[in-house]
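Below is one structure, written out as structure tokens, with a few remarks after it.
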Amino acid sequence: MEIPSKYSSGSVEEKWYQYWMDNKFFHSVPNEKEPYTIVIPPPNVTGVLHMGHMLNNTIQDILARRARMKGKNACWVPGTDHASIATEAKVVNKLKEKGVDKYDLSREEFLEHAWEWTHLHGGIILEQLKKLGASCDWDRKAFTMDEARSESVIKVFVDLYKKGLIYRGVRMVNWDPSAKTALSDEEVIYREVQSKLYYLKYQVEGEENEFVTIATTRPETILGDTAVCINPEDERFKNLKGKRVLVPLIKRSVPIIEDSYVDMEFGTGCLKITPAHDINDYEIGMRHNLESVDIFNDDGTLSEKAQIYIGEDRFAVREKIVADLEKEGTLAKIEDYTNKVGFSERTDEVIEPKLSAQWFLKMEELVKPALENVMNDTIQFHPPKFKNIYKHWMGNIKDWCISRQLWWGHQIPVWYISPSPTLTKGEGAKNYGYVVAASEEDARKLALEKHPSLGGEGGGFSLTRDDDVLDTWFSSWLWPISVFDGIRKPDNEEVNYYYPTSDLITAPDIIFFWVARMIIAGYEYKNTFPFKNVYFTGMVRDAQRRKMSKSLGNSPDPLDLIKKYGADGVRVGMLLCSPAGGDLLFDESLPQQGSGFATKIWNSFRLVKNWEVDETIEQPLHSKLAINWFRNKLNEVTATLDDHFEKFRISDALMTIYTTVRDEFSGWLLEIVKPAYQQPIDANTYAELIELFDQLLRLLHPFMPFITEEIWQYMKERKEGESIMVERIPEAKKFDKKLLAAFEDVKEAISGIRKIRLEKNIPNKEELELFIQIGNKGYHKEFESILSKLGNLTNMEEVKEEVKGTTSFRVKSTNFYIPLSNLIDTEEELKKLEEELKYAKGFLNSVNKKLSNEHFVNNAPEAVVNKEKAKKADTESKIKVLEERIAGLK
RNA sequence: GGGAGCUUAGCUCAGUUGGUUCAGAGCACUUGGUUUACACCCAAGGGGUCACUAGUUCGAAUCUAGUAGUUCCCACCA
């Protein structure tokens, strides 16, 4: 079989992905094996793949593939999220481009557009994941708004309502004037901004020349002022108590009230109160029975209640009102000021606190098991520092505002009852309220049960469904259950088998949005945790630590990267430098390194595969020894990998296998067994090499699925349906630590020879002689054939004392001498030896100091003391050797 | 304002319970090499007072306290 000299990732990746799909290797059904389950953090249905997804999904795939090769029944469930507000914003913009305003459409018409958009762009991102090699069970593709998931959401809403956990209330909520919807607290991002502090003078009513000065960052809100507040302790304003002041421009008379909330130190010590547009003012307003004047429309323009600037935008009004206040003479001064302003996570609009009727979920009881089981490590966070953050949030949780004034999403299953006019006439008139039910049919029944009069004589009624939809996260919090249909059919075989899932891989920025809430839902609906481990990835940033963003143009297109470096190369690049919870500083040198590694593996394979095998020659001793050594090495590496994976140190695991392939396998093993130019290799060594290569590929497969499959298929004749991805990964076996340590000494001796060649400018081709003065450590005669081959030695001889006229080096207490006719620079050699001697003496000194310290000898464990004694003996013999050598040279 | 974390080589980070080379890895850097698998390579090498200070201990990168710097999370000071 001819092996191409260059590995071409593109065609190889396409070929094997198709092969895996055709053979249904990704597909999982419940069986007798141990399940290993991951649910994907569902990306936005209309989103495109970005670097964060790459990192995240690479890790998921590595874990899934590894579990599969460990003999588990791995199931990685893919899917997408309808992303209510983000998708709706996109559709609204799209319509706007076509000159269509959302509000000119009916709800049904708008949803038609939204579905069209979803079908057009939906799932592109999942197709992109295939390019990465993601081994998802595509037959299980789920969508948060498909039938099964939608019904689950509705069922849960009804259930929570019945449990008394969902309620409707008028509250101060975070209002996004751009999307015209309420948001949860988590969807508001506070940012520091440079703004101004405006000092405004309010005339005291009835006192022509007496003014009260307040400070505000939002002068436009004075139009909604219904009081001015002072601290009751404030001596400066004693005379104002009980008086009233006039709001500038509109001259509304408002009372001066007293509340200890006011900080006397800040600003002027006087605070204007706008209960409709500030959460604190709202609370003060409640305490003092103040009127609320809502001066804003839903879109952030001023309403009629503002009296002036009606219909103009709040920020335009801010400019204008400052000018008008100045004209009026009520603007005292303006200062620069830095404060924090809330922005909408999705639309980046400045949030307006607004009073409105919304649906809430009571959290206090629900969070209890979720908090407890993270704190006691039933669910483990990696890295564990996120436990603190989680705890803090859970401990201070407020009720969750779950309604959104949007159309794209799960419409709230609440029906308001409008009785027929005959029923509302006269004394029978009453508010029939609403019912909560999974369908209109159920709602109708329920309404009749609740109000029998509706079905009675002169009855009849209509139902109007609540316009709002549910927060996106109200569907994704059910994800680990709902993808197995465990909400609608709580005891089905699938959910019983796959749930709880194994590992969740996600970014820390959605720890509250999603992770915490999934845990809550898990305990509420399955009575157990939704996943055993949560691995938090870092943020992908650029080399300057800046966030990847479109506007900065520092975010590479993942698909371009895959084209350029191969999926394997990109996967390796993502992971080479990505500790759990730590940010990944990405630049193209990383995937470059990854693809370089792929080339390295490819070339190693070509080397081996192209050797001619000769059955008649015997296996050389050095090959036999090297193979045996590498077997032990591989077992050590396998154990190390197991340990890394157990601790979710994925980068370290990759680095382990990376250096094993590059240094141990290619650098040492292959160099040792490599036959002379154009010479054949013995059959024994060849067969064993192929087997070891096979083992290595299996260990590597989860990281680099494509190239490992390609090589594995080339390695031997394979039958249709065979694949490395369904083979077993090597188990950790015992290994000989002494052997491995001895081999390190051999390597060091070879390095010593190489170093001398480099220093003395001796080409590798030139053969050398080596004399060995064996000390009590550092030499292993059994490996002399290896030393001889890699050192290119003609003759090796053991000697009892130092050899004159040679250059030398040491491994532990063994001296190696290389005779170099005419090439010895005695001065140089002496200088080197003196330095070594100086170091050894210093070292001995520190050891002696320890050993002569009675406290140390008496208190330290015996083993530690013995070790120090051994060090002392070794160093002393080394010093002796050095001194002899120096004397000899002189 | 409250809380948590971090500070180890030029960069990004390991370093598990204090005790053998524990002062490490990858990248970067320096030097040498076109040794027929690989220059996307190979060989050799330089580089750190483990932020600072004080303590505990026979012994501290590791434990304690404080200081400085830094990051993140939470919080409605106009």
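The basis for the numbers below is simple: all heavy atoms, side chains too, and nothing from hydrogens, waters or symmetry mates. Chain A is the first sequence line, chain B the second, and so forth, proteins listed ahead of strands; every chain is numbered from 1.
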Would you indicate what [X] reaches in the nucleic acid, counting non-hydrogen atoms under 4.0 angstrom: base, sugar-phosphate, or nothing?
X        : answer
A:Tyr261 : base
A:Ser666 : base
A:Val608 : nothing
A:Asn388 : sugar-phosphate
A:Phe512 : sugar-phosphate
A:Gln593 : sugar-phosphate
A:Lys812 : base
A:Thr599 : base
A:Lys272 : nothing
A:Ile389 : sugar-phosphate
A:Arg649 : sugar-phosphate
A:Arg545 : sugar-phosphate
A:Tyr565 : nothing

For [N] and [M], measure between their [atom1] atoms and round to the nearest Å.
N      : M      : atom1 : result
B:rA60 : B:rG55 : C1'   : 12 Å
B:rG46 : B:rU31 : C1'   : 10 Å
B:rG59 : B:rG18 : P     : 15 Å
B:rC22 : B:rC73 : C1'   : 34 Å
B:rC11 : B:rU57 : C1'   : 36 Å
B:rU8  : B:rG48 : P     : 15 Å
B:rU30 : B:rG24 : P     : 23 Å
B:rC27 : B:rA44 : P     : 14 Å

Using the side-chain heavy atoms of [X], tell me which of these nucleotides is nearest: [options].
X        : options                : value
A:Leu758 : B:rU36, B:rC38, B:rA44 : B:rA44
A:Arg606 : B:rA37, B:rC40, B:rA78 : B:rA37
A:Tyr658 : B:rA78, B:rU36, B:rC27 : B:rC27
A:His392 : B:rC74, B:rA78, B:rU35 : B:rC74
A:Phe266 : B:rG26, B:rA78, B:rU35 : B:rA78
A:Lys647 : B:rU16, B:rC38, B:rA78 : B:rU16

Legend entry - side-chain contact (heavy atoms from CB on, under 4.5 Å) between A:Leu787 and A:Ile753, intermediate numbers included: CA-CA 9 Å; A:Leu787 188 58; A:Ile753 296 168; 4.0 Å; yes

Legend entry - A:Glu220 and A:Arg314 ion-paired at < 4.0 Å: no

Inset, instruction - Could you tell me whether A:Lys647 and A:Asp652 have a side-chain N and a carboxylate O separated by less than 4.0 Å? - result: no

Take atom [atom1] of [X] and atom [atom2] of [N], then tell me their distance rounded to the nearest Å.
X        : N      : atom1 : atom2 : answer
A:Leu768 : B:rA43 : CG    : P     : 18 Å
A:Arg218 : B:rC77 : CZ    : C1'   : 15 Å
A:Glu767 : B:rU35 : CD    : C1'   : 14 Å
A:Lys340 : B:rA75 : NZ    : C1'   : 9 Å
A:Phe809 : B:rG45 : CZ    : C1'   : 17 Å
A:Glu192 : B:rU71 : CD    : P     : 12 Å
A:Trp602 : B:rC41 : CH2   : P     : 17 Å
A:Lys391 : B:rG5  : NZ    : P     : 11 Å

Heavy-atom donor-acceptor pair, [X] side-chain to [N] base, under 3.5 Å:
X        : N      : answer
A:Glu671 : B:rA37 : yes
A:Lys600 : B:rC40 : no
A:Tyr190 : B:rC74 : no

Legend entry - Approximate separation, where rounding is to 0.5 Å, of A:Glu352 CD and A:Trp175 CH2: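 Answer rounded to 0.5 Å: 11.0 Å.
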
Inset, instruction - Specify the closest pair of heavy atoms between A:Thr213 and A:Cys270, including all atoms of both residues, with the distance to one decimal. - result: O-CB, 3.5 Å

May I ask which nucleotide in the shown strands pairs with [N], Watson-Crick or G-U wobble, both distances under 3.5 Å?
N      : value
B:rU56 : none
B:rG18 : none
B:rG69 : B:rC6
B:rA44 : B:rU30
B:rA25 : B:rU12
B:rA61 : none

Legend entry - Residue mapping more 5' on RNA chain B - nearest nucleotide basis, A:Thr338 or A:Met655: A:Met655

Legend entry - Upstream residue (5' side of RNA chain B) when A:Phe605 and A:Lys755 are each assigned their closest nucleotide: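 Result: A:Phe605.
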
Inset, instruction - Assess the pair A:Phe665 and A:Phe693: is the distance between their ring centroids shorter than 6.0 Å? - result: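 Centroid separation for A:Phe665 and A:Phe693: below 6.0 Å.
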
Legend entry - Near-ring test A:Phe381/A:Phe386, centroid separation under 6.0 angstrom: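 No, the ring centres sit 6.0 Å or more apart.
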
Legend entry - Side-chain H-bond candidate by donor/acceptor type, A:Glu710 with A:Trp602, under 3.5 Å: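 No donor-acceptor contact under 3.5 Å links the two side chains.
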
Inset, instruction - Tell me yes or no: between the side chains of A:Asp225 and A:Tyr202, is some donor less than 3.5 Å from an acceptor? - result: yes

Legend entry - Among A:Glu588, A:Gln592, A:Gln593, side chain to side chain donor-acceptor pair (under 3.5 Å) partner for A:Tyr565: A:Glu588

Legend entry - Under-4.0 Å side-chain N/O to phosphate OP1/OP2 contact, A:Lys674 with B:rA37: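 Checking B:rA37 against A:Lys674, a side-chain N or O does come within under 4.0 Å of OP1 or OP2.
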
Legend entry - B:rA44 OP1/OP2 closer than 4.0 Å to side-chain N/O of A:Ser751: yes

